[in-house]
Asker: 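My structure is below; once you've seen it, I'll send some questions.
Proteins come first, then strands; the chains are lettered A, B, ... in the order of their sequence lines, and each starts at number 1.
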2 protein chains.
Amino acid sequence: MSDPSLAHRPTLEAVAARAGVSRATASRVVNGSDGVRAPLAERVRRAVDELGYVPNQAARTLVTRRNDAVAVVVAEPETRFFSDPFLTQQVRGISKELTARDNQLVLLLTEGAADYERVGRYLAGGHVDGALLFSLHDDDTLPALARRAGVPTVIGGRPSWSDADTLYVDCDNRGGARDAVTYLLDGGRRRIGHIAGPLDQTASVDRLEGFRDALPGTDPRMIAEGDFTPEGGARAMAALLEHCPDLDAVFAASDVMASGALRVLRTRGIKVPEDIAVVGFDDIVSVAEWTDPPLTTIRQDIEEMGRMMARLLLRRVSPSAGDADGPALSSIITPTRLVVRASA
Amino acid sequence: MSDPSLAHRPTLEAVAARAGVSRATASRVVNGSDGVRAPLAERVRRAVDELGYVPNQAARTLVTRRNDAVAVVVAEPETRFFSDPFLTQQVRGISKELTARDNQLVLLLTEGAADYERVGRYLAGGHVDGALLFSLHDDDTLPALARRAGVPTVIGGRPSWSDADTLYVDCDNRGGARDAVTYLLDGGRRRIGHIAGPLDQTASVDRLEGFRDALPGTDPRMIAEGDFTPEGGARAMAALLEHCPDLDAVFAASDVMASGALRVLRTRGIKVPEDIAVVGFDDIVSVAEWTDPPLTTIRQDIEEMGRMMARLLLRRVSPSAGDADGPALSSIITPTRLVVRASA
DNA sequence: ATGAAAGCGCTAACAA
DNA sequence: TTGTTAGCGCTTTCAT
């Protein structure tokens, strides 16, 4: 009942036999280590082709203790993995980078604390060489788990604690927010409100900081907390409107919240950007380009952040490989950029 | 330079020694095979706990030829994996099912034909016990690749060819479309147009069929082809309006296209649903609940479809396991359901 | 530069 | 019921 084609799979032994060399030599050629004379190497390569040989990863892992696989762990998909293209895009970047370096991506989605034990076991099981952690809460135990398992780790988004050897990749949330508000100020806006994300996430806090950098001493009632959903954005917009009827601009901490805000403004017949200008954050294209009017926003290169995370992790996994292995590894803050559309 | 914690990892040998039994007995306990007397088993379990033993998967795979891992292969992410939460949701269902059966999910994203070779090698490499294939085009070579690699496969969405042992999971596209149109007819609509998806995808074709089932002999100009993007939906809507100014309803083959259509209608001051009723397809909640007005649509249980794919594949991988292994495996068509919101 | 041989940690016959 | 033993396919010293 076992699969015939698997049974057929040629081993290194077979390749060696066909090429008339020892298994050791065949192995050397397959792994590209030098010190095999050209003609021999050529014969081995031909044998590989003819037989359609593919190395058995399990056997290889058993001896090298290398998996060439990396886990992507997403804490609580319900939060964002669902509707937000954010993670999807990031995963795509990760996938590209991993692929380029012949690593595989093992996806671990968790539904809550109960799953953490399973993830911990998995990481401790040495199935992967490293882990990329996403969507952590404030006091998430996942990083500790990974550390205990002895698995090198890189975190997506600045964690709430800071710690010498915690590596993360995040965009310049604070600088981006500052740019957004500065742009509004340059456009002559004076009564600028802020729709913040949930303030137990660092991204929200950092964006709020940026807002304050540009607008120190803002009346707290000009700031409303949302939750990164359209509904939350709508509620926050309504609150803002109530507290400050003479508002002339809003900076929302995410495009998705901005879309909820725009909706409220439309419903009330408030013209955007004439009466109130709106700036978002993220540049989730499928959202920002399709709001009415299209959204001016702060762009972060999400896919690139994914790539960087993967690259960082891979260097952490095997410090020697790839790059000119000099500089110590450190966290990365990627730049943001204002994208002007119609809403501001 | 190798990770200390990995070096420390106890082997089965160590467990056996500590429990004072042979490696074979320890293995039996760990793998839950019966025939080990209770007290011995207990001692082994204690040793496992004390040592924090976790089986080495590579060693296990090497002998069992089982990976307990499944690949999810997505052809051309640019198409949908990007903005469409569809795949994300499906992956989530897959993940849940796989997790429940102690299997891992290896994600393989491809960017085009060049990547197929890599995927083929990977599948042929016996790294995974099976593969789930998504977003195939009409003449996609991926299934052939997987077959050649001898890897059991289940496809997401009805493939364009049909073939005794090609297993797939899809929703009842045709029936759902029929229901949508019937609902419009029951509501008294008489001039009903259709915004189709790209007709080189079976989902689009099937939905068009369903439309025709309910409305045989429809003037071809009442049907406009979109491409599953908002832009495409908008263009198709404009075309429809031009050809049939007296339109009183539209059935769009996806929520995303419907959102584009709604936008055009709003721009032209056409009231929805008063002047023109709109029904979508998919029930992507983050889209359908947030259009203006919220979208009446045909719901498919995307996550459940993911679960079913995983379940089907796992049964195909090891026919004996799990269920009361009687019935032959067959493709699955899941039901759809009308969800009434405000647009129709 | 090449080959022989010793395992990596585990499971599964086979013996006892 | 338990233990002994032979590999699974590969990499990697160590000889040659």
Side-chain angles (χ1 to χ4, degrees), chain A residues 1-3 6-45 47-48 51-68 102 124-127 129 318, chain B residues 1-3 6-45 47-48 51-68 124-127 129 318 320:
Chain A
M1 187 94 327
S2 81
D3 194 324
L6 289 182
H8 289 162
R9 193 120 49 77
T11 70
L12 190 56
E13 185 75 54
V15 171
R18 176 155 195 135
V21 302
S22 75
R23 208 167 59 220
T25 298
S27 173
R28 289 179 187 116
V29 173
V30 167
N31 291 298
S33 69
D34 39 38
V36 176
R37 237 184 276 275
L40 265 202
E42 192 40 55
R43 267 177 25 221
V44 171
R45 268 189 289 270
V48 165
L51 263 35
Y53 170 77
V54 183
N56 178 316
Q57 183 63 34
R60 190 177 260 177
T61 296
L62 189 53
V63 33
T64 61
R65 277 126 193 307
R66 255 288 225 144
N67 294 92
D68 296 315
D102 264 307
H127 304 247
D129 304 325
S318 48
Chain B
M1 187 92 329
S2 81
D3 193 321
L6 290 183
H8 289 163
R9 193 120 48 79
T11 70
L12 190 56
E13 185 75 53
V15 172
R18 178 159 193 130
V21 302
S22 74
R23 210 167 58 220
T25 297
S27 171
R28 289 179 187 116
V29 173
V30 167
N31 292 296
S33 69
D34 40 39
V36 176
R37 240 184 276 275
L40 266 201
E42 193 40 54
R43 270 182 16 226
V44 172
R45 268 188 290 268
V48 165
L51 263 35
Y53 169 77
V54 183
N56 177 317
Q57 184 63 32
R60 191 178 257 176
T61 294
L62 189 54
V63 33
T64 61
R65 276 125 197 307
R66 257 291 225 144
N67 295 91
D68 295 316
H127 304 246
D129 303 326
S318 48
S320 50

Asker: For the side chain of A:Arg60 and the backbone of A:Arg66, is there at least one donor-acceptor N/O pair under 3.5 Å apart?
Answerer: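 No, because the side chain of A:Arg60 does not come within donor-acceptor range (under 3.5 Å) of the backbone of A:Arg66.
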Asker: Testing the basics here: between A:Arg18 and A:Ala47, what is the closest heavy-atom pair and its distance to 0.1 Å?
Answerer: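 That would be CG-CB, 3.9 Å.
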Asker: Return yes if some donor-acceptor pair links the side-chain N/O of A:Arg43 with the main-chain N/O of A:Ala19 below 3.5 Å, else return no.
Answerer: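 Pair found, side chain donor or acceptor close to backbone of A:Ala19.
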Asker: Are any of the side-chain heavy atoms of A:Val44 and A:Val15 separated by less than 4.5 Å?
Answerer: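 In short, these two side chains touch, coming nearer than 4.5 Å.
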Asker: What heavy-atom pair brings A:Thr61 and B:Ala58 nearest, and what distance separates the two atoms?
Answerer: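 In this case the closest contact between A:Thr61 and B:Ala58 is CG2-CB, 3.7 Å.
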Asker: Between A:Pro55 and A:Val30, what is the shortest heavy-atom contact and its length?
Answerer: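 Scanning both residues completely, I find the closest heavy atoms to be CG-CG1, 4.2 Å.
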Asker: Between which nucleotides of DNA chain D, 5' to 3', does chain B make heavy-atom contacts below 4.0 Å?
Answerer: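 Footprint of chain B along DNA chain D, 5' to 3': D:dT1 to D:dG9.
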Asker: Which residues in residues 28-41 of chain A have a heavy atom closer than 4.0 Å to any atom of DNA chain D?
Answerer: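 Nucleic-acid contacts, sorted: A:Arg28, A:Asn31.
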Asker: Going 5' to 3' along DNA chain C, between which two nucleotides do contacts with chain A fall, using a heavy-atom cut-off of 4.0 Å?
Answerer: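 So the outermost contacting nucleotides come out as C:dA1 to C:dG9.
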Asker: With a 4.5 Å heavy-atom cut-off, do B:Gln57 and B:Asp68 have their side chains touching?
Answerer: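 Yes; the side chains approach each other to less than 4.5 Å.
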Asker: Is a donor on one side and an acceptor on the other found under 3.5 Å between the side chain of A:Asn67 and the backbone of A:His127?
Answerer: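 Yes, the answer is positive, given that a donor and an acceptor are paired below the 3.5 Å cut-off.
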Asker: Starting at the 5' end of DNA chain D and moving along, which residue's nearest nucleotide shows up first, B:Val63 or B:Ser22?
Answerer: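 Of the two residues, B:Ser22 wins.
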Asker: What closest approach, in Å, do B:Ala26 and B:Leu12 show between heavy atoms, and which atom pair accounts for it?
Answerer: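 Looking at all heavy atoms of both residues, the shortest contact is CB-CD1, 3.7 Å.
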Asker: State, to 0.1 Å, how close A:Val36 and A:Arg28 come at their nearest heavy-atom pair, and which atoms those are.
Answerer: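 Heavy atoms only, the tightest pair is CG2-CB, 3.8 Å.
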